[in-house]
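This report concerns only the one structure given below.
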Amino acid sequence: MGPANKSQLSPSTFWLMGIPGLEHLHVWIGIPFCSMYIVAVMGNVTILAVVRAERSLHEPMFIFLCMLSVTDLVLSTSTLPRMLCLFWMGDHDIAFDACLAQMFFIHSFTAMESGFFLAMAIDRYVAICDPLRHATILTHSRIAQMGVAVALRGVGFFSPHPILLKQLPYCRTRIIAHTYCEFMAVVKLACVDTGATKRYSLSVASVIGSCDGFFIALSYVLILRTVFRLPSREASLKALGTCGSHVCVILVFYSTAVFTFLTHRFGHNVAPQVHIFIANMYLLVPPFLNPIVYGIRTKKIREYVLSFLRIKVS
């Protein structure tokens with residue numbers, strides 16, 4: 001079914017266009033996307049397996065890393081397989097309820113990812129600024145409470161999205177000019193005033209993102225202040241090294257998130273191809289990059305994987 005038949009689309013389906021203007025390149029675009037997805041799944045599953053198998057890794061930092069890995073797996077799996085069906089098999093139809101479910105997973109788990117970045121920043125702050133009380137402050141029960149709070153926040157704030165969109169009438173086109181069911185792309189198809197719905201979504205996203213970003217930045221300001229007061233240069237470099245991987249993935253996540261948010265709010269002159277491409281990177285790059293960065297820069301994980309590979313080879 002093609003765009004020419006859009007008036008015949010069932011009320012229970014939407015039509016995902018993909019990347020407008022680049023339809024002829026969909027097959028080729030799908031190749032790096034598929035490669036990134038495979039690396040994301042293998043990398044995050046490896047991190048979960050390594051932390052589970054190695055008791056010395058049952059520390060707050062690695063427990064939060066496991067939570068982040070689970071979030072990345074859900075986030076990438078809720079988008080990539082469906083996107084590849086669009087790119088490689090021309091399967092543009094998506095059921096309305098499936099579209100709403102995909103939207104819920106994308107937005108709620110993106111909020112969870114931001115929350116787990118904040119939790120990891122808090123862990124680094126306590127480990128560096130108050131190391132003697134690290135084990136007593138971040139107990140396993142407190143870590144579990146933080147994880148549950150982050151998950152409930154993501155679910156609670158973004159559960160209204162599919163509920164609100166389910167109630168809207170869609171009497172215009174049913175073509176979504178995107179590769180997945182993104183909230184703003186869907187809400188534009190409604191034939192009633194959706195100003196309040198858009199304001200709610202943008203307000204929730206901006207509040208969560210700005211609050212998490214502020215406290216992450218604050219924690220690293222305090223960390224840097226403590227690090228620069230350490231007596232030896234070697235101790236300072238070691239403390240900064242434990243934060244390097246975290247800073248890298250945070251910068252990638254928030255830079256693409258801010259660009260996507262600002263494009264929705266102010267970027268009416270941004271080309272659709274650029275907007276959609278960055279929106280895809282926003283969902284694909286963090287799950288792909290997180291296990292690579294943490295696996296390479298975290299000595300304990302790197303050594304365990306290398307020792308496991310040596311045993312297998314021998």
Side-chain angles (χ1 to χ4, degrees), residues 30-54 57-87 94 98-120 123 143-144 146-155 157-159 162 179-182 208 212 245-246 248-250 252-254 256-257 260 279-298 300-302 304-305 308:
I31 294 174
F33 279 24
C34 181
S35 301
M36 292 170 70
Y37 177 61
I38 292 172
V39 172
V41 171
M42 292 179 62
N44 284 294
V45 168
T46 299
I47 285 178
L48 291 171
V50 169
V51 174
R52 183 177 184 273
E54 182 56 49
L57 297 178
H58 295 179
E59 302 173 1
M61 177 178 131
F62 298 107
I63 295 174
F64 286 131
L65 180 57
C66 286
M67 295 179 185
L68 185 66
S69 292
V70 171
T71 303
D72 284 338
L73 285 170
V74 174
L75 192 58
S76 57
T77 302
S78 65
T79 53
L80 257 296
R82 184 65 189 79
M83 200 182 299
L84 293 174
C85 288
L86 187 158
F87 287 155
I94 183 169
C99 183
L100 296 182
Q102 185 187 59
M103 180 191 308
F104 168 75
F105 279 111
I106 289 171
H107 292 286
S108 61
F109 277 82
T110 299
M112 290 182 204
E113 181 138 356
S114 177
F116 289 131
F117 281 140
L118 174 58
M120 294 170 80
D123 168 67
I143 292 169
M146 292 170 69
V148 170
V150 169
L152 289 178
R153 185 189 69 168
V155 171
F157 277 111
F158 289 99
S159 290
T179 55
Y180 57 85
C181 288
E182 196 265 343
I208 290 177
D212 288 352
S245 54
H246 192 218
C248 290
V249 295
I250 284 176
V252 171
F253 176 80
Y254 280 103
T256 51
T260 302
N280 286 328
M281 293 300 99
Y282 170 52
L283 295 181
L284 302 182
V285 172
F288 161 78
L289 197 60
N290 290 348
I292 295 176
V293 172
Y294 283 112
I296 293 174
R297 292 186 60 89
T298 305
K300 289 184 178 181
I301 294 178
R302 185 174 66 248
Y304 185 90
V305 172
F308 178 79

>> Please identify which of these residues, L65, L57, D72, meets the side-chain contact (heavy atoms from CB on, under 4.5 Å) condition with I47.
In response: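 Single pass found, and it is L65.
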With the side chain counted from C-beta on, respond yes when [X] and [Y] share a heavy-atom pair under 4.5 Å apart, and no when they do not.
| X | Y | answer |
| --- | --- | --- |
| M103 | F158 | no |
| Q102 | C99 | no |
| F116 | D212 | no |
| M36 | V285 | yes |
| I31 | F87 | no |
| I250 | M120 | no |

> Is a side-chain donor-acceptor pair under 3.5 Å present for S78 with Y180?
Replying inline: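 Per modelled atom types, Y180 and S78 side chains form no pair under 3.5 Å.
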Nearest-0.5 Å distance, [atom1] of residue [X] to [atom2] of residue [Y]:
| X | Y | atom1 | atom2 | value |
| --- | --- | --- | --- | --- |
| L289 | M281 | CG | CE | 12.0 Å |
| T77 | F109 | OG1 | CZ | 10.5 Å |
| H107 | M112 | NE2 | CE | 13.0 Å |
| S35 | L284 | OG | CG | 11.5 Å |
| T179 | F33 | OG1 | CZ | 7.0 Å |
| N290 | L68 | CG | CG | 5.0 Å |

Donor-acceptor check, side chain of [X] to backbone of [Y], threshold 3.5 angstrom: yes or no?
| X | Y | result |
| --- | --- | --- |
| N44 | P287 | yes |
| R153 | A111 | yes |
| H58 | V51 | yes |
| S114 | T110 | no |

> L75 and F105: side-chain contact (heavy atoms from CB on, under 4.5 Å), yes or no, with the steps?
Replying inline: CA-CA 7 Å; L75 192 58; F105 279 111; over 6 Å; no
Could you pull out the closest heavy-atom pair between [X] and [Y], with the gap in Å?
| X | Y | answer |
| --- | --- | --- |
| C181 | I94 | SG-CD1, 3.9 Å |
| M67 | G147 | SD-CA, 3.9 Å |
| G30 | L84 | O-CD2, 3.5 Å |
| S76 | P81 | O-CD, 3.7 Å |
| P286 | E113 | CB-OE2, 3.5 Å |

> Given E182 and I106, is the side-chain contact (heavy atoms from CB on, under 4.5 Å) satisfied, shown in steps?
Replying inline: CA-CA 8 Å; E182 196 265 343; I106 289 171; over 6 Å; no
> More than 12 non-hydrogen atoms from neighbouring residues, nucleotides or ligands closer than 6.0 Å to CZ on F157, yes or no?
Replying inline: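 No, not enclosed.
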> Yes or no on side-chain hydrogen bond (donor to acceptor under 3.5 Å, both in side chains) for T79 and Y37, after CA distance, side-chain angles and deciding distance?
Replying inline: CA-CA 10 Å; T79 53; Y37 177 61; over 6 Å; no
>> Apply side-chain contact (heavy atoms from CB on, under 4.5 Å) to residues D123 and E59 and explain how you reach the verdict.
In response: CA-CA 10 Å; D123 168 67; E59 302 173 1; over 6 Å; no
